[in-house]
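Contents: one structure, followed by commentary.
Order of the sequence lines fixes the chain letters, A, B, ..., with proteins taken first and strands second; residue numbering starts at 1 for each chain.
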Protein chains: 4
Amino acid sequence: MAARIDLNADVGESLGSWPMGADAELVPLVTSVNVACGFHAGDPLTIVRTVRLALDHGAAVGAHPGYPDLVGFGRRAMDLAPDELEATVLYQVAALAGIARAEGGRLTHVKAHGALYNRAAVDPGVAAPIARAVARLDGSLRLVGPPGSALLAAGAAAGLACLAEAFADRAYEPDGSLRSRRLPGALHLDPAAAAAQAVDIARDGRVTAFDGSVLPLVADTLCVHGDTPGAATIAAAVRRALAAAGVETRSPDA
Amino acid sequence: MAARIDLNADVGESLGSWPMGADAELVPLVTSVNVACGFHAGDPLTIVRTVRLALDHGAAVGAHPGYPDLVGFGRRAMDLAPDELEATVLYQVAALAGIARAEGGRLTHVKAHGALYNRAAVDPGVAAPIARAVARLDGSLRLVGPPGSALLAAGAAAGLACLAEAFADRAYEPDGSLRSRRLPGALHLDPAAAAAQAVDIARDGRVTAFDGSVLPLVADTLCVHGDTPGAATIAAAVRRALAAAGVETRSPDA
Amino acid sequence: MAARIDLNADVGESLGSWPMGADAELVPLVTSVNVACGFHAGDPLTIVRTVRLALDHGAAVGAHPGYPDLVGFGRRAMDLAPDELEATVLYQVAALAGIARAEGGRLTHVKAHGALYNRAAVDPGVAAPIARAVARLDGSLRLVGPPGSALLAAGAAAGLACLAEAFADRAYEPDGSLRSRRLPGALHLDPAAAAAQAVDIARDGRVTAFDGSVLPLVADTLCVHGDTPGAATIAAAVRRALAAAGVETRSPDA
Amino acid sequence: MAARIDLNADVGESLGSWPMGADAELVPLVTSVNVACGFHAGDPLTIVRTVRLALDHGAAVGAHPGYPDLVGFGRRAMDLAPDELEATVLYQVAALAGIARAEGGRLTHVKAHGALYNRAAVDPGVAAPIARAVARLDGSLRLVGPPGSALLAAGAAAGLACLAEAFADRAYEPDGSLRSRRLPGALHLDPAAAAAQAVDIARDGRVTAFDGSVLPLVADTLCVHGDTPGAATIAAAVRRALAAAGVETRSPDA
């Protein structure tokens with residue numbers, strides 16, 4: 001049986017006159033995208049254009065909700081009450097779902113952004129409101145999160161199909177966590193390193209951690225970052241390496 | 001044939017810790033509501049609660065999109081380019097449509113707010129992007145606007161069903177325009193006056209202007225404001241007067 | 001030697017069309033005010049008008065900076081990096097200082113708001129950037145904080161004069177902390193209770209905690225809240241009771 | 001008598017994670033800068049760092065206030081009432097003035113941004129609140145605006161010293177207005193063309209318009225844009241050409 005994996009990227013992270021990322025180059029290389037929803041990045045026109053771009057290239061369109069904090073780009077944790085958080089996620093995902101429909105497509109998945117993703121990975125009190133918001137809007141949406149996380153547990157409890165996510169271009173610590181962006185070596189800027197890690201995960205279900213140890217790591221979707229230098233080059237290298245290794249890149253909704 | 005009219009109110013105009021309006025008293029008295037979408041007023045939790053309140057009372061739920069200007073409450077006109085405006089309206093209406101669905105209801109109509117409503121009434125270049133946004137999201141949504149306005153013309157051109165709106169508690173000028181809020185006598189704060197005007201419009205298709213002249217005014221929906229002092233008292237008086245005059249109050253979607 | 005205390009209130013917490021508080025009634029009753037700076041509440045015109053009101057009544061004008069979160073009213077803690085926090089406080093206090101000068105007065109003190117105040121009370125990593133921002137702008141500004149807090153320690157370390165603050169209308173726990181707003185009995189809504197507590201603190205340097213125990217509590221300034229029901233009535237009762245007890249109410253800058 | 005001119009650039013236009021402009025290269029080349037104030041661009045930390053950078057290079061520090069519209073980058077005109085506009089400008093300039101002082105410098109001038117600059121150039125009702133705000137904060141601040149504009153007239157009426165501004169890298173129409181950015185040829189992307197225009201204005205008080213006609217144009221300060229491609233290259237060419245032509249580049253406050 002042939003291996004298969006989804007390749008995702010966070011896109012639509014520009015804001016008005018401020019560009020971010022290289023969406024036009026990156027979108028054709030991935031099989032699904034997570035579109036910023038206007039709270040930590042993105043604005044209505046950027047969202048509409050990004051959704052169009054994704055649909056034009058056949059990428060599955062997901063929502064990428066975050067904390068309401070443009071200046072902090074959603075990377076500063078905020079203490080929202082559970083009902084506030086649920087409504088905040090519901091609002092963002094609903095906006096994206098409607099825009100996807102207006103553009104002739106549909107929303108397929110939801111992946112939290114930045115500090116919200118990180119908190120939801122470990123805190124069931126943050127994970128549950130996210131999962132509830134998604135399930136209440138549309139029970140057919142898939143929820144993306146780290147393998148074994150509180151977020152995926154909450155998604156399953158809410159009856160959602162879940163996608164375990166790994167990273168092609170981020171280094172892992174021996175305990176399976178991502179190496180902090182503040183530490184050296186956190187990012188694989190070398191396309192060959194990212195490509196090798198992608199193959200290890202997708203074909204063999206394992207990853208070599210920063211200290212050289214080898215860990216099991218089973219994932220449904222692989223993220224390539226759009227805001228790292230040379231993002232499109234890395235994504236292209238990952239895609240080529242996966243093909244060469246006999247791994248099919250395909251969205252679960254394709 | 002019995003006369004019939006929709007009775008609408010702008011609701012959900014609170015923001016976080018700042019309450020506005022008397023939604024809990026007003027919503028049971030009207031047949032449809034226009035919910036602020038978070039750009040000029042409203043926040044995700046306020047929107048969710050307001051939609052719930054409306055659905056609990058059987059009111060038709062509409063979106064009330066505005067300019068992105070909280071401090072100005074959407075009453076300061078902004079020069080958005082047509083594609084920016086279309087995306088801005090689409091985003092807001094999409095968010096409301098999803099939230100209405102998540103709460104077990106559906107969105108039935110769209111009414112622009114404040115300066116956006118006023119501009120769209122007279123400027124086809126502002127009206128068209130609004131109509132396009134609504135039609136692209138869901139062609140079954142009704143578009144609310146002043147009778148004979150550029151907004152309703154744009155709605156018709158976009159294939160939308162339209163609702164001509166009149167005001168129970170605002171004075172009219174002899175030319176059929178609303179008397180400016182900056183002038184004395186712009187608002188009917190006396191419930192009896194608002195009720196009498198409501199009956200004139202709903203049963204007889206006419207209104208007595210500020211100077212005493214009588215104008216034809218045919219409307220599908222009558223607005224009672226939620227932010228005027230004694231809003232609920234006015235709405236109750238309007239509703240009673242309409243019933244006494246044999247006018248049925250009902251949403252077109254009921 | 002006669003006892004003397006400052007009486008302060010948080011004001012200027014309206015936002016555009018959303019009023020909050022009863023500033024017009026409260027300001028004449030207090031000796032200093034803390035004006036919201038536009039990040040968690042307040043907008044430029046509200047700030048200008050509030051500063052004018054305070055100066056007209058001879059109240060000392062302070063800045064009341066908060067987290068950048070209008071929807072959460074600055075009550076949701078946010079993880080700002082130290083340099084971000086320092087700049088965020090500096091910006092807000094600088095805006096207020098300039099507006100006070102433009103209105104013919106001067107800024108005399110700074111009191112953090114909401115979650116920022118609460119975090120800075122216990123976390124030196126939050127307190128230090130606040131103190132640094134104030135000291136860098138103007139070393140003659142006084143820093144307000146809870147007695148014995150990390151915030152006042154940071155203020156002293158930065159060379160600032162500090163004002164220990166107690167609350168007339170909040171209940172205290174036996175350990176000297178404020179009783180959580182989520183618990184019953186957190187607020188003294190009875191003006192007589194608030195007035196009695198004010199006298200206990202100002203004249204006798206002690207407070208009766210929620211469980212009946214008596215604690216020492218020495219303060220330079222007493223806060224009366226503007227957003228509690230009957231705020232002005234409470235402030236008036238406090239002021240009368242202090243006068244009757246021979247305690248002079250005066251700003252340290254008067 | 002030797003010719004002399006100020007060379008200014010709009011800087012600090014980044015927002016949180018979104019960089020804009022090439023401030024680090026541009027600031028050493030100009031004699032004064034206009035720092036975005038957080039309403040249309042800029043955030044507290046960006047502002048602090050930009051002010052530091054300017055002071056480190058001996059550039060005169062000015063405030064660059066704009067409409068409250070991040071998504072529109074202050075390029076979408078907004079209908080603010082005169083008192084709202086005055087307070088909005090006062091707040092922004094006050095914040096910058098305080099930050100400049102906290103960094104060991106002082107604010108020397110104010111230049112409105114984008115749609116606010118354009119409106120104030122022709123509309124006395126927009127110009128007057130800006131001038132009043134600046135004069136009330138600090139009567140020694142200089143006001144920057146187009147030669148012969150309503151903005152400079154308002155500045156003079158408010159008792160402010162004014163600086164007439166011309167552009168090195170924008171094409172002029174025969175009537176002395178700037179060629180619209182939407183038309184071809186609006187920007188001089190060729191450093192030699194910008195440099196030649198700078199010399200014509202600074203030394204000879206004239207400019208060659210887009211149609212080849214020569215107009216008188218007397219200016220106190222020349223703007224080089226930071227957001228055009230190759231901004232620093234253009235600024236360097238302008239500076240060299242001015243020096244070669246015997247024109248001293250110096251801020252009026254140097």
**Complete:** Residues C/Ser17 and B/Arg75: closest non-hydrogen pair is OG-NH1, 4.5 Å

Which bit of [X] is near chain B, if near means a heavy-atom gap under 4.5 Å: side chain, backbone, both or neither?
X       : value
C/Leu45 : neither
C/Thr46 : neither
C/Pro19 : backbone

**Request:** Using modelled atom types only, decide if a donor and an acceptor are shared between the side chain of C/Trp18 and the backbone of B/Glu13 within a distance under 3.5 Å.
**Result:**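 Checked: pair present.
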
